Amino acid sequence: MPLLQIEGLWKSYRGRPVLRGVDLEVDPHEVVCLIGGSGSGKSTLLRCVNLLETVDDGAVFLDGLELTAVDADEDAVRRKVGMVFQQFNLFPHMTVLQNVVLAPVKVHGKDRRQARAEALELLGRFGLADKAGEYPDRLSGGQQQRVAIVRALAVRPQVLLLDEVTSALDPELVGEVLDIVRELKEQGMTMILATHEMSFARDIADTVCFLDGGVLLERGSPEQVFTDPREPRTREFLARTQRR
Ligand SMILES: Nc1ncnc2c1ncn2[C@@H]1O[C@H](COP(=O)(O)OP(=O)(O)OP(=O)(O)O)[C@@H](O)[C@H]1O
Ligand SMILES: [Mg+2]
């Protein structure tokens, strides 16, 4: 049974459809990469799954429970569905440790000492133990993004959504963030990533989905989508990205 099911998702902004009936199933431990041009709806799709946007039609299920139900508890949903953004959105007036501990304690009512111990353990696992007491502006972009990933993991989500987590980084910092994503895959984390890093998508994805104008036009294994795309639009998109 899939862990996450997206069924017939529609979303419009001011009457203009941005997602047009998207269906997607994600199995436990599966890594799905969303590719597609700017404005194709990748971020909107991830935001709908995390309830940062309301959907106009369709539904999202996690473990058989409907996240998009009108009476769904948003905090409970975000405990199960973690999200990391392009801009790391760390709180600048809080240390790394305080950033990581915040949601487990404030939103989810975890005991502070327990939350601190778990946060330090997570930071250690991702090579950030010595940064626990630092403020975000003393860290490199790559380190800040790694902290943002740790912060999302701190509530032990069942699914992690990553939206262009490397695109605000200098090229030499991209690798350390991609390494973390790779490590999460090895640990069995179920993930959906929107990415412009085609070689990374090819390397890490179990399934690649091509979005075009809010339609999930093509999905398949990385080999199939990248070397033998069925849809002319996918072909055009890949030719454009490879020329860059
Ligand atoms: N809050 C909003 N209000 C109005 N329009 C929006 C809003 N958010 C997104 N859109 C529009 O929805 C469309 C899809 O945007 P989205 O951010 O999902 O694209 P994307 O595939 O993530 O693009 P990119 O690769 O540039 O990140 C775009 O045309 C965008 O302008
Ligand atoms: Mg986007």
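Whatever order the structure lists ligands and atoms in, that order sets their numbers, starting from 1. Because the structure is a prediction, the values reported are computed rather than measured. Because only heavy atoms are used, hydrogens play no part in the values below, and waters and symmetry mates are left out as well, while side chains stay in.
Among all non-hydrogen protein atoms, the one lying nearest atom 1 (N) of ligand 1 is Tyr13 CE2, 3.7 Å. Residue, atom and distance of the protein heavy atom nearest to atom 26 (O) of ligand 1 are Ser38 OG, 2.6 Å. Nearest non-hydrogen protein atom to atom 29 (O) of ligand 1 is Arg16 NH2, 2.8 Å. Nearest protein heavy-atom neighbour of atom 23 (O) of ligand 1: Gly39 N, 2.8 Å. Lys42 NZ, 2.7 Å is the protein heavy atom nearest to atom 25 (O) of ligand 1.
At least one N/O-N/O distance between Ser43 and ligand 1 falls below 3.5 Å. No N or O atom of Val18 sits closer than 3.5 Å to an N or O atom of ligand 1.
Of all atoms in ligand 1, numbered sequentially from 1 with element shown, those under 4.0 Å from a heavy atom of His196 are 25 (O). Per-residue contacts place Gly41 under 4.0 angstrom from the following atoms of ligand 1 (heavy atoms of the residue considered): 14 (C), 18 (O), 19 (O), 20 (P), 21 (O). Of all the atoms in ligand 1, the ones that sit under 4.0 Å from a non-hydrogen atom of Gly37 are 21 (O). Near Ser40, with a cut-off below 4.0 Å to any heavy atom, the atoms of ligand 1 are 19 (O), 21 (O).
The salt bridge (charged side-chain N to carboxylate O under 4.0 Å, His left out) test applied to Glu74 returns Arg78, not counting sequence neighbours. Applying the salt bridge (charged side-chain N to carboxylate O under 4.0 Å, His left out) criterion to Asp111, with sequence neighbours excluded, gives no partner residue.
No continuous path of ILVMFWY side-chain contacts below 4.5 Å connects Ile35 to Val84, so the two sit in separate hydrophobic clusters.
No side-chain N or O of Gln145 forms a donor-acceptor pair with one of Glu176 less than 3.5 Å apart. For Thr44 and Glu53, the side-chain atoms include no donor-acceptor pair closer than 3.5 Å.
The distance from the Mg ion (ligand 2) to the nearest N/O/S atom of Ser43 is under 2.8 Å.
Distance check: Arg20 CZ to Asp56 CG gives 13.5 Å after rounding to the nearest 0.5 Å. Between His196 atom NE2 and Thr241 atom OG1 the span is 9.5 Å, to the nearest 0.5 Å.
Within the 4.0 Å heavy-atom criterion, both parts of Thr44, backbone and side chain, lie near ligand 1.
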**Asked** Hey, mind stepping through Lys185 and Asp206 against salt bridge (Lys or Arg N to Asp or Glu O under 4.0 Å) and telling me if it holds?
**Response** CA-CA 10 Å; Lys185 178 184 166 103; Asp206 298 305; 3.0 Å; yes

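A donor-acceptor distance shorter than 3.5 angstrom exists from the side chain of Gln224 to the backbone of Asp228, with no hydrogens or angles considered.
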